[in-house]
Amino acid sequence: MCGIVGYIGESQAAPILLDGLSKLEYRGYDSAGIAVYNGTEIEVVKSKGRLKVLSEMTHDGSMMPGTLGIGHTRWATHGEPSDINAHPHFNKDESIVVVHNGIIENYLKLKKKLEAKGYQFISDTDTEVIAHLLDYYYTGNPLQAVTKIMHRMEGSYALGIIFRDHPDELYAVRKDSPLIVGHTEGGNIIASDVPAVLKYTRDVFFIENEEIVRMTKDSMEFFTVDEEPLEKESTHIDWDVNAAEKGGYEHFMLKEMYEQPKAITDTFSPRVKEGKIVIDELGMTDEEIRGIKKIMIVACGSAYHTGVTSKYIFEGLARIPVEVDLASEFRYRDPIIEEGTMVIVISQSGETADSLAALREAKKRGARVLGIVNVVGSSIAREADNVMYTWAGPEIAVATTKAYSAQLIAQYLLAMKFAHVRGKLGDTELAAMLEDLRRLPEQVEMLLNNKQKIQKFANRYLAARDIFFIGRGIDYAISLEGSLKLKEISYIHSEAYAAGELKHGTISLIEEGTLVSAVLTQPELYKKMISNMVEVKTRGAFVMAVTNTGNTEVEKAADYVIYIPKTNKYFTNSLAIIPLQLFGYYVSIGRGCDVDKPRNLAKSVTVE
């Protein structure tokens, strides 16, 4: 997501900060800023837009003298992209300055507490809370103030902090957001990712959860959240710059697949408080939720597939009828929108043209519109009546991965919230489902780390000409996304079908050597899916099953089985999609495709 760089040493800080931030531009951002102590005060320059704007404003840093500074590139989460919301952020007398990656889940509670004590806020960010909270607890000992705020903040954060009263010290803090520090020639540097420091050092310390670093130009000390000293060993980085931008992964797509556990956590955690689902941005009373008579979900591509999943979830849990429309068709079919209809528009970028047009059509017809988007301040976010953000961070790879998972999580929470308010989901059932959701990131990570079998299997099907994905119920929705992912990056013809529709003509396309990927995670549908698998196998197809059961009948009907953990039946999409993503990725790599570029930029491939 956002990028952090900090420096203390003998060299001028601003040029180093700008250079380091430029190495993090690949992460995506909407604004940037730097803060430098100039010997008298902390000077801050920040701006919406590209880093180039900041460089021009500071004459490549030459207009900001000083050897201590911090910098930041922001991907908006709280508050739209703007000069005011850009980092760094000050306390009230501009004696403490902070940059922050992550999300402070209880920032509203902390903000109210600080406002009651006379603190005034000028931005919409959760980060400004950190600056004022440090001010509140600061009595001359920076380390003590840092540990106190760590005990009071909930969520994820990587922080760079400067105290004007301690101009020879730079502080760095980490909880659930990446942060590294390293020695440079004549100083020390901090960053949120390796590329920012490779020009200055290749020996870095990876800061662990709830660890604090206090550094001067000559020294570096590590502490626990209880102010206890720590001993740490450095790690030598051998990556080249291109590999470093990708975190050591071969491609951005693979990196973003491995970021899914964090994207799920960041979207889920801030909205679950004391065992309840709290979606403040929904802006609806319980009475208004109970008054919803129909939901219409409108989206394109992968976002549309999350909508297909959500139809099963909303209808199954909340008993609200749901229609799912491709945004490109919605505005042309003269949709019937009656009183009590809620329209949900889903888009990663918030700028999808067809989805935006559908939103405007829905509002013109009097519907209440909720946008589910990833980019703060985007067109859909601005024009929807309310917006629910998926905090997945920027997507660089063409084929969506983590945005898909984050959109699913947002809709899981929404459906569970509606079901609970409408009396369709009791407290006990809700608590059990929330516990299942909490386990998803760990289960996704386990599947990602067990990639070898999928990679080996994918290598056998590099030359496939046709692949079919089949499933029933919610597994059909997973099949749609699995098929899209494969064709999108491998350029293999692929189709997804509701398994019961095979007999209506599609079965005639199954022939010797055709690969069929069967998804079966719903116990009540195992027998029917096994019957479909047997049918295509008799026609010479090779059957790959993605399942959460060790049923011997499944193993007999399939040639190859990929197992996923068992979880709540509505959440299986978040697990079953992982092996399908990995399969598509490894097939594509084997065929020589560039998975980080759209097809019109990739070379055509020939597989012998």
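Just so you know, these numbers use all the heavy atoms, side chains as well, and skip hydrogens, waters and symmetry mates.
- Smallest separation of non-hydrogen atoms from A464 and I492: O-CG2, 3.6 Å.
- No side-chain heavy atom of T390 sits less than 4.5 Å from a side-chain heavy atom of V373.
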What verdict does the side chain to side chain donor-acceptor pair (under 3.5 Å) test give for S379 and E351, after you've listed the backbone C-alpha separation in whole Å, the side-chain angles of each residue and the deciding distance to 0.1 Å? CA-CA 6 Å; S379 297; E351 303 292 347; 2.6 Å; yes

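- A donor-acceptor distance shorter than 3.5 angstrom exists from the side chain of S378 to the backbone of V375, with no hydrogens or angles considered.
- Other residues, nucleotides and ligands place more than 12 heavy atoms under 6.0 Å from the CD atom of E315.
- Between atom CG of residue D594 and atom CD1 of residue I589 there is a gap of 8.0 Å, rounded to the nearest 0.5 Å.
- Side-chain atoms of S302 and E481 include a donor-acceptor pair closer than 3.5 Å.
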Quick one, I344 with I295, criterion side chain to side chain contact (heavy atoms under 4.5 Å, CB included). Give me CA distance, side-chain angles, the key distance, then yes/no. CA-CA 7 Å; I344 300 176; I295 292 174; 3.8 Å; yes

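- Using a cutoff of 4.0 Å between basic side-chain nitrogens and carboxylate oxygens, E281 and R271 are scored as salt-bridged.
- Electrostatic pairing of E323 and R333 counts as a salt bridge here, judged by a charged N lying under 4.0 Å from a carboxylate O.
- Nearest heavy-atom pair across G393 and W75 is CA-NE1, 3.7 Å.
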Apply side chain to side chain donor-acceptor pair (under 3.5 Å) to the pair N532 and R472, showing each step before the final yes or no. CA-CA 10 Å; N532 293 132; R472 288 176 180 263; 3.1 Å; yes

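- Remark: D436 engages R439 in a salt bridge, criterion side-chain N to carboxylate O under 4.0 Å.
- Across R539 and I510, no two heavy atoms sit closer than the pair CB-O, 4.0 Å.
- In the model, Y200 has a side-chain atom that pairs as donor or acceptor with a side-chain atom of D19 under 3.5 Å.
- Using a distance-only test at 3.5 Å, with no hydrogens or angles considered, a donor-acceptor pair links the side chain of R591 to the main chain of L462.
- Rounded to the nearest 0.5 Å, atoms OG (S55) and CG (L51) are 4.5 Å apart.
- Once rounded to the nearest 0.5 Å, the distance linking NZ of K487 with CD1 of I489 reads 12.5 Å.
- Rounding to the nearest 0.5 Å gives a distance of 11.0 Å between OG1 of T306 and CD1 of I577.
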Using the rule given for side chain to side chain contact (heavy atoms under 4.5 Å, CB included), can you reason through V546 versus L580, listing the C-alpha separation, both sets of side-chain angles and the distance that settles it, and then say yes or no? CA-CA 8 Å; V546 177; L580 297 183; 4.0 Å; yes

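- A cation-pi geometry, defined here as NZ or CZ lying under 6.0 Å from the six-membered ring centre and within 45° of its normal, holds between R50 and Y29.
- Other residues, nucleotides and ligands contribute more than 12 heavy atoms inside 6.0 Å of the NZ atom of K537.
- Considering Q348, Q260, E259, Q407 in turn, E259 is the only one that fulfils the side-chain hydrogen bond (donor to acceptor under 3.5 Å, both in side chains) rule with K402.
- No salt bridge links K556 with E553; every basic N to acidic carboxylate O contact stays at or beyond 4.0 Å.
- The backbone N or O of A403 lies less than 3.5 Å from a partner atom in the side chain of E395, making a donor-acceptor pair.
- When atom types are taken as modelled, the side chain of N449 and the backbone of E445 share a donor-acceptor pair closer than 3.5 angstrom.
- Nearest approach of L370 to A384, heavy atoms of both residues: C-CB, 4.4 Å.
- Summarising the geometry, atom CG belonging to L408 is positioned 9.0 Å from atom CD1 belonging to I346; distances are rounded to the nearest 0.5 Å.
- Residue K48 places its NZ atom among 12 or fewer non-hydrogen atoms of other residues, nucleotides or ligands, all under 6.0 Å distant.
- Taking 4.0 Å as the cut-off between side-chain N and carboxylate O, D176 and K262 do not count as a salt-bridged pair.
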Test side chain to side chain contact (heavy atoms under 4.5 Å, CB included) on N573 and Y404 and set out the steps. CA-CA 10 Å; N573 281 54; Y404 173 86; 3.5 Å; yes

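- Annotation for S310 and I297: closest pair CB-CD1, 3.6 Å, computed over non-hydrogen atoms.
- Counting only heavy atoms from C-beta outward, the side chains of V543 and Y560 never approach each other to under 4.5 Å.
- Ring planes of F571 and Y412: tilted class, angle from 30 to 60°.
- At a threshold of 4.5 Å between non-hydrogen side-chain atoms, the residues V5 and I190 do not count as touching.
- Judged by distance alone, the side chain of S31 and the main-chain N or O of S47 form no donor-acceptor pair under 3.5 Å.
- Looking only at distances, no side-chain donor or acceptor of T352 sits under 3.5 Å from a matching main-chain atom of D354.
- Checking side-chain atoms of Y157 against main-chain N and O of N101 turns up no donor-acceptor pair under 3.5 Å.
- To the nearest 0.5 Å, the span separating OG1 on T235 from CD1 on I180 amounts to 10.0 Å.
- For K23 and D193, the salt-bridge test fails: no basic side-chain N is under 4.0 Å from an acidic carboxylate O.
- Between the S517 side chain and the F469 main chain, no donor and acceptor come within less than 3.5 Å of each other.
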Pair T514-D466, side chain to side chain donor-acceptor pair (under 3.5 Å): steps then yes or no: CA-CA 6 Å; T514 302; D466 301 284; 5.9 Å; no

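- Under the 6.0 Å distance and 45° angle rule, K246 counts as a cation-pi partner of F252.
- Legend: residues meeting side-chain contact (heavy atoms from CB on, under 4.5 Å) with N450, ordered by chain and number and at least two apart, are Q452.
- Below 30°, between 30° and 60°, or above 60°: for F542 and Y461 the angle between ring planes is between 30° and 60°, a tilted geometry.
- Nearest heavy atom pair, residue T265 against residue P270, reads O-CD, 3.9 Å.
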Just do the side chain to side chain contact (heavy atoms under 4.5 Å, CB included) check on E245 and L24 with the steps written out, would you? CA-CA 7 Å; E245 288 182 353; L24 300 178; over 6 Å; no

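- A donor-acceptor contact shorter than 3.5 Å links the side chain of T267 to the backbone of A263.
- For the 3.5 Å distance criterion, the side chains of D475 and T521 qualify, holding a donor opposite an acceptor.
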Y312 and Y570: CA distance, side-chain angles, deciding distance, ring-ring contact (aromatic ring centres under 6.0 Å, His included) verdict: CA-CA 8 Å; Y312 290 100; Y570 293 114; 9.0 Å; no

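- Checking side-chain atoms of D30 against main-chain N and O of P81 turns up no donor-acceptor pair under 3.5 Å.
- Remark: the H78 side chain and the Y389 side chain contain no N/O donor-acceptor pair separated by less than 3.5 Å.
- Annotation for R465: atom CZ does not count as buried by contact number, only 12 or fewer foreign heavy atoms lying within 6.0 Å.
- Using modelled atom types and a 3.5 Å distance limit, the side chains of H251 and D596 yield no donor-acceptor pair.
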